[in-house]
Amino acid sequence: MTVRIFIPRDSAALAVGAERVVKAFETEIAARTLDVEIVRNGSRGLHWLEVLVEVETPHGRVAYGPVAPKDVSGLLDAGLLEGRDHPLGHGRTKAIPLLERQTRLTFARCGIIDPLSLEDYKAHAGLTGLEKAVKLTGADIIKEVTDSGLRGRGGAGFPTGIKWKTVHDAAGPQKYIVCNADEGDSATFADRMIMEGDPFVLIEGMAIAGLAVGATKGYIYTRSEYPNAILIMREAIEIARRAGVLGPSVLGSGKAFDMELRVGAGAYVCGEETALLNSLEGKRGIVRAKPPLPALEGFLGKPTVVNNVISLASVPVILDRGAAFYRDFGMGRSRGTIPIQIAGNVKNGGLFEVAFGLTLGEIVNEIGGGTATGRPVKAVQVGGPLGAYFPVSLFDTPFDYESFAARDGLIGHAGITVFDDTADMLAQARFAFEFCAVESCGKCTPCRIGSTRGVETIDKISQGIEPEKNLALVADLSNTMKFGSLCALGGFTPYPVMSAINHFPDDFRPAATLQAAE
Ligand SMILES: Cc1cc2nc3c(=O)[nH]c(=O)nc-3n(C[C@H](O)[C@H](O)[C@H](O)COP(=O)(O)O)c2cc1C
Ligand code: SF4
């Protein structure tokens with residue numbers, strides 16, 4: 001009987017040599033004339049175990065990792081094909097503690113199926129949400145999404161159902177679904193993992209969105225830095241089209257929806273929805289003033305839903321299992337699950353999908369396992385480059401939108417970057433201003449000019465030049481940027497800057513800075 005082994009084809013595994021591991025297995029399989037099929041799956045999100053090789057046994061899949069090409073022969077000698085023990089073995093994949101502790105709703109199939117097998121997708125409850133949706137009216141679909149409590153996972157946490165209703169109610173024969181797959185935040189890779197590990201769930205989510213609001217065309221906008229995701233996603237769209245999941249009659253319903261993927265050059269601001277729409281239209285990626293909202297005048301001036309990959313990929317399970325099932329997870333106004341991405345100086349980097357509500361301390365220490373260097377944690381930045389730095393004293397903050405906002409932070413796209421006690425928070429504050437200066441679209445003055453003045457002022461503090469006066473100037477400048485910027489790039493840069501100053505004042509004191517300068 002053919003034995004199936006699984007070796008991921010997603011970027012995280014490829015980056016640490018998955019192709020070479022595949023080659024090593026192929027060589028050994030041929031030399032030993034073994035009956036083995038290699039399936040290229042997506043990632044389980046346990047990045048510290050990549051390349052994670054799994055074998056299908058009568059007791060479920062058994063995992064080995066991190067596997068390098070040199071390990072392959074020894075693994076086969078030790079009985080990998082029967083799931084036997086080995087120093088790189090982790091036993092049954094399902095029972096790996098950091099996988100077992102997750103609630104995988106959006107990522108339920110990621111790492112399990114062959115991403116480009118529609119059969120595999122269907123065999124794992126794929127398309128059941130869309131099958132239900134084609135029988136519903138747009139208003140009924142929107143009610144389900146609204147009742148689920150789903151909020152946008154791209155950053156702002158805006159209720160998805162309300163956005164869809166605005167587009168549904170907008171006048172006009174042509175409407176669009178635009179999937180924001182720009183994923184520019186530091187420490188984030190959830191969108192990429194979905195596109196590479198379970199692309200049909202995104203296609204299904206977009207098709208449901210199209211049926212809900214009356215849009216017949218969708219676009220995925222991603223960046224050129226995601227070549228692997230682009231390849232897989234485009235192939236998946238072709239497969240879905242050939243199978244009648246997309247096209248003039250979605251699943252034979254008589255309702256049309258089709259889509260394509262567009263690639264941007266990769267600018268942080270092109271993740272902002274209006275800059276994204278400009279880029280998608282072939283224009284310079286510059287932010288548009290709101291109103292009009294994209295929901296009313298979006299792509300080519302038509303009513304447009306702009307949603308993040310994870311928001312859209314969470315819709316199929318909501319339609320399939322029902323709004324009540326989904327909203328049962330979470331806390332407060334943050335319902336459902338959130339794929340937390342843990343990176344930086346951390347032992348167990350990767351993706352952890354869980355209901356809202358774990359504390360930051362649990363995420364960093366228990367899930368992340370503390371720092372990779374073994375030194376004490378000093379700070380974690382939550383929510384990408386515009387997110388606040390949290391000190392250990394705030395590790396009791398529950399991971400939900402309101403709790404983070406109450407502590408002058410944001411969840412953003414749920415990326416967490418961990419820093420140990422060697423981090424220089426003045427350098428981090430400077431970096432925030434510098435990032436803003438480099439990535440600014442230049443449309444408004446507080447961001448375009450303020451960010452550069454911010455870098456200069458932080459430099460003065462680091463040189464011990466009138467530190468108190470310059471710290472006050474940074475606070476004043478931050479206030480102007482926060483309230484005077486047109487979009488959140490300039491408007492949120494004060495979060496990392498001021499949190500670094502407020503939580504780590506010692507790093508900004510003249511003595512420390514003078515010493516550092518010497
Ligand atoms: C500077 C900037 C960058 C952004 N980058 C992204 C991004 O990469 N991906 C994303 O989904 N949203 C990003 N957003 C948020 C989008 O503007 C928008 O709120 C989001 O795509 C809406 O989808 P959602 O409601 O599903 O979250 C960014 C916003 C700003 C201000
Ligand atoms: S805040 Fe910055 S990125 Fe946003 S519109 Fe103004 S200049 Fe452009």
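All values below were derived from every heavy atom in this structure, side-chain atoms included, with hydrogens, water molecules and symmetry-related copies excluded. Just so you know, ligand 1 is whichever comes first in the structure, and atom 1 is the first atom listed for that ligand. Numbers here simply count residues along the sequence, with the first being 1.
Using a 4.0 Å cut-off to heavy atoms of R153, the atoms of ligand 1 that qualify are 26 (O), 27 (O). Every atom of ligand 1 is numbered from 1 in the order shown, and the set under 4.0 Å from a heavy atom of L489 is 1 (C), 31 (C). Shown in contact with D182 at under 4.0 Å from a heavy atom are these atoms of ligand 1, numbered in order with element: 8 (O). Residue S440 has at least one heavy-atom neighbour below 4.0 Å for each of these atoms of ligand 2: 2 (Fe), 7 (S). For ligand 2 and K443, the ligand atoms under 4.0 Å from any heavy atom of the residue are 7 (S), 8 (Fe). Close approach of ligand 2 to C444 (heavy-atom distance below 4.0 Å) involves ligand atoms 1 (S), 6 (Fe), 7 (S).
Geometrically, ligand 1 and Y268 share no nitrogen or oxygen pair separated by less than 3.5 Å. Between S311 and ligand 1, at least one pair of N/O atoms sits closer than 3.5 Å. In terms of N/O distances under 3.5 Å, ligand 1 is approached by G184.
At a cut-off of 2.8 Å, C447 coordinates atom 2 (Fe) of ligand 2 through an N, O or S atom.
At the shortest separation from atom 17 (O) of ligand 1 among protein heavy atoms lies E273 N, 2.9 Å. For atom 8 (Fe) of ligand 2, the nearest protein heavy atom (residue, atom name, distance) is C441 SG, 2.4 Å. In terms of protein heavy-atom proximity, atom 23 (O) of ligand 1 is nearest to N308 N, 3.2 Å. At the top of the distance list for atom 4 (C) of ligand 1, counting protein heavy atoms only, stands G271 C, 3.3 Å. In this structure, the protein non-hydrogen atom closest to atom 27 (O) of ligand 1 is G154 N, 2.7 Å. The protein heavy atom nearest to atom 5 (S) of ligand 2 is V287 CB, 3.5 Å. Among protein heavy atoms, the minimum distance from atom 4 (Fe) of ligand 2 is reached at C487 SG, 2.4 Å. In terms of protein heavy-atom proximity, atom 8 (O) of ligand 1 is closest to E183 N, 3.1 Å. For atom 10 (C) of ligand 1, the nearest non-hydrogen atom of the protein is N180 ND2, 3.1 Å.
Relative ring orientation between F325 and F329 is described as perpendicular, the plane-to-plane angle rising above 60° on a 0-90° scale split at 30° and 60°. Classified by interplanar angle (parallel below 30°, tilted 30° to 60°, perpendicular above 60°), the ring pair F404/F399 is perpendicular. Between F435 and Y268, the two ring planes are perpendicular [angle over 60°; tilted spans 30° to 60°]. Using the six-membered ring where Trp is involved, F200 and Y121 have ring planes that are tilted, between 30° and 60° apart.
Ring centroid separation for the pair Y219 and F299 comes in under the 6.0 Å cut-off.
In this structure, R223 does not pair ionically with D191, as no charged nitrogen and carboxylate oxygen lie closer than 4.0 Å. A salt bridge between D147 and R327 is absent, with no side-chain N of the basic residue lying under 4.0 Å from a carboxylate O of the acidic one. Classification of R321 and D328 as a salt-bridged pair fails, no side-chain N sitting under 4.0 Å from a carboxylate O. Ion pairing between a basic and an acidic side chain is recognised when a charged N comes within 4.0 Å of a carboxylate O; E235 and R9 show no such pairing.
At least one heavy atom of K163 lies less than 4.0 angstrom from ligand 1.
Contacts of F492 with ligand 1, taken as heavy-atom pairs under 4.0 Å, are absent altogether. Residue contacts with ligand 1 for E272 involve both N, CA, C or O and side-chain atoms from C-beta outward (heavy atoms, distance under 4.0 Å).
Checking L202, T106, T160 one by one against L312, the side-chain contact (heavy atoms from CB on, under 4.5 Å) holds for a single residue, L202.
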